[in-house]
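Here is the structure we will look at, set down as structure tokens.
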Amino acid sequence: MRYPDGGGLTAEQRRRREEVRMRAVDLFEEDGEVPSIARELRVSEKSVYQWRRAWRTGGREALRSKGPSGYDCRLGAHLQAKLATWLEEGPAAHGWTDDQVWTAARVRTLIGRKFHLSSSISGVTRLLHRMGYSVQVPDRPAAERDEEAVATWREVTWQEVKPLRAATGAFVCFEDEAGVTGRPPRGRTWGRRGITPRVKVSGRGRGRLSVARLLCYRPGLPARLCYRLRRHTGRKGERRSLGEMDYIRLLDGAHQLLKAPLIVVWDRLSTHISRAMRVLVAERDWLAVVLLPGYAPDLNPVEGLWAHVKRSLANLAARALSELEILLRRRLKALQYRHHILGGFLAGTGLALERPN
């Protein structure tokens, strides 16, 4: 597959390049010095010398853009659209079942199979860039995720939450929980080339922390963050996760703080949908619960909050569970005052609290 070597510049970029060259011609006609012209136009002196030679030989027209150089790609717009459709189907749909990675070599093979055209790896790479593709780390949604159920939740369930919130003046609260141990997430750090940095962590289990986070939103008011943290030391008979009373105490505290009804949106964790939890929710007339569809963390802004907190805990060198607890409380306390960041987590889900006009 032939591909233009000079096809990397867009029409707008070629136009700007021509404007620079025409300005250089004006300066040539004024007998400007090459070093001063290069400084004014912010280009190299070598380029200015080349332009001046071309101008002396062919005049102003010699420096005008002649359009993209090289050969045109033999894959027209309609063929590129077909190729994009096949790429979106994934490698498994075209015979590569061992993994789900599109490489330039595989795309070259696909082009050969479908269009009977030969191509080079570099040509395929430039073609993909022109089509708007880039090398990326993919998301990993669960295979059990039901995309239709997620779409229905956005279009039906979430749209029912809005009038309920407006009628009751309630806060819409998203809840999620996570566990933290003394083995922190790994983060990038500077180190000597060829020598991997080392961060010493505890090799023995010294307990863990469970933290439930509650992000509360109401139009016209700043976002609020409430949380409940519990330490698990691993003693015999001790619960290793948060229980129904932990969650309900978090909701009671949020209700007392916000002085308004709550519409809680959370996932289908067994503790959230247990009989005991249903009884506790029914006893509170100010509380309504909405369940998220399964395997849909992208609908919960608390997931973005936790990703933000985890980055701040990267390479942590806490020696005891108490140190980790103090640090985690500080991180969450600081976020409670950053209302614009808390609001950004909801915006990241694509959910809006108010109906569009």
Q) Looking at Arg16 and Glu12, does any basic side-chain N land under 4.0 Å from a carboxylate oxygen? A) yes
Q | Cationic tip of Arg113 above Trp96 ring, under 6.0 Å, 45° of axis | A | yes
Q: Show your reasoning for whether side-chain hydrogen bond (donor to acceptor under 3.5 Å, both in side chains) applies to Ser210 and Glu177.
A: CA-CA 7 Å; Ser210 292; Glu177 60 290 319; over 6 Å; no
Q.
Keeping Trp153 on the side-chain end and Leu291 on the backbone end, is there a donor-acceptor pair under 3.5 Å?
A. yes
Q. Between Glu238 (side chain) and Thr233 (backbone), is there a donor-acceptor pair under 3.5 Å?
A. yes
Q: Kindly determine whether Lys333 and Arg330 satisfy side chain to side chain contact (heavy atoms under 4.5 Å, CB included), including the steps that lead there.
A: CA-CA 5 Å; Lys333 186 70 174 180; Arg330 286 177 180 173; 5.6 Å; no
Q. Taking a hydrophobic cluster as the set of Ile, Leu, Val, Met, Phe, Trp and Tyr residues connected by side-chain heavy atoms closer than 4.5 Å, whether directly or through intermediates, do Leu250 and Val265 fall within one such cluster?
A. no
**Q.** Nearest heavy atoms of Cys226 and Ala254, plus distance in Å
**A.** SG-CB, 4.0 Å
Q | Any donor-acceptor N/O pair, Arg284 side chain to Leu280 backbone, under 3.5 Å | A | yes
Q) Do you reckon Val281 sits in the same ILVMFWY cluster as Val290, going by side-chain contacts under 4.5 Å, direct or chained? A) no
(Q) Less than 3.5 Å apart, any donor N or O on the side chain of Thr196 or Arg198 sitting next to an acceptor on the other? (A) no
Q) Does the side chain of Lys114 reach to within under 4.5 Å of the side chain of Leu79, using non-hydrogen atoms? A) no
Q) Shortest non-hydrogen contact from Pro91 to Asp99? A) CB-O, 4.3 Å
Q | pair Pro293-Leu299: side-chain heavy atoms closer than 4.5 Å | A | yes
Q. Taking it one step at a time, do His255 and Leu251 satisfy side chain to side chain contact (heavy atoms under 4.5 Å, CB included)?
A. CA-CA 6 Å; His255 175 59; Leu251 299 179; over 6 Å; no
Q: Apply salt bridge (charged side-chain N to carboxylate O under 4.0 Å, His left out) to Asp246 and Arg239, showing your working.
A: CA-CA 12 Å; Asp246 293 305; Arg239 186 182 177 94; 5.3 Å; no
Q: Determine the minimum heavy-atom distance between Gly123 and Ser120, stating which atoms define it.
A: N-OG, 3.0 Å
Q: Using atom types as modelled and distance alone, determine if a side-chain donor or acceptor of Arg218 lies under 3.5 Å from a backbone N or O of Arg165.
A: no
Q: Over all heavy atoms of both residues, which pair between Val124 and Ala104 is shortest? Give the atoms and the distance, please.
A: CG1-O, 3.7 Å
Q | Sidechain-backbone polar pair: Glu303 side chain, Asp298 backbone, donor-acceptor under 3.5 Å | A | no
Q: Walk me through it: do Val180 and Trp306 pass the test side chain to side chain contact (heavy atoms under 4.5 Å, CB included)?
A: CA-CA 11 Å; Val180 188; Trp306 189 238; 3.4 Å; yes
Q | Ion pair check, Glu18 and Arg15, cut-off under 4.0 Å | A | no
**Q.** Glu283 CD: over 12 foreign heavy atoms closer than 6.0 Å
**A.** yes
(Q) Checking Phe345 against Val302 for the side chain to side chain contact (heavy atoms under 4.5 Å, CB included) test, could you report, in this order, the C-alpha distance in whole Å, the side-chain angles of both residues, the deciding distance, and whether it holds? (A) CA-CA 7 Å; Phe345 296 136; Val302 184; over 6 Å; no
(Q) If hydrophobic clusters are built from ILVMFWY residues whose side chains come within less than 4.5 Å, do Leu221 and Val161 share one? (A) no
Q: Spell out, yes or no, whether Trp86 and Trp102 are grouped together once hydrophobic residues are joined by side-chain heavy atoms under 4.5 Å, including indirect joins.
A: yes
Q: Please confirm whether the backbone N or O of Leu292 pairs with a side-chain atom of Asp267, one donor and one acceptor, at under 3.5 Å?
A: no
Q: Just jot down the salt bridge (Lys or Arg N to Asp or Glu O under 4.0 Å) partners of Glu40, sequence neighbours excluded, or say none.
A: Arg23
Q) Quick one: hydrophobic cluster around Val48, which other residues, with the 4.5 Å side-chain cut-off, linked directly or via members? A) Val20, Met22, Val25, Leu27, Phe28, Val34, Ile37, Leu41, Val43, Tyr49, Trp51, Trp55, Leu63
Q: Step through the shown structure and confirm whether more than 12 heavy atoms of other residues, nucleotides or ligands are within 6.0 Å of CD on Glu29.
A: yes
Q: Could you tell me whether a side-chain N or O of Trp158 sits under 3.5 Å from a main-chain N or O of Leu351, the two making a donor and an acceptor?
A: no
Q. Is the number of heavy atoms from other residues, nucleotides or ligands within 6.0 Å of CD (Gln100) greater than 12?
A. no
Q) In terms of heavy-atom contacts, does CZ of Arg145 have more than 12 from other residues, nucleotides or ligands at under 6.0 Å? A) yes
Q. Are Arg228 and Glu175 within salt-bridge range, i.e. N to O under 4.0 Å?
A. no
Q. Looking only at heavy atoms, which two atoms of Tyr247 and Thr271 are closest? And how far apart?
A. CE1-CG2, 3.6 Å
Q) Ignoring hydrogens and geometry, is there a side-chain-to-backbone donor-acceptor pair from Tyr217 to Ala352 under 3.5 Å? A) no
Q | In one Ile/Leu/Val/Met/Phe/Trp/Tyr side-chain cluster, 4.5 Å: Tyr295, Trp266 | A | no
(Q) Under a 3.5 Å distance rule, please check whether His339 uses its side chain to pair with a backbone N or O of Arg224 as donor and acceptor. (A) no
Q: State whether the side chain of Arg331 and the backbone N or O of Ser312 hold a donor-acceptor pair below 3.5 Å, judged by distance alone.
A: yes
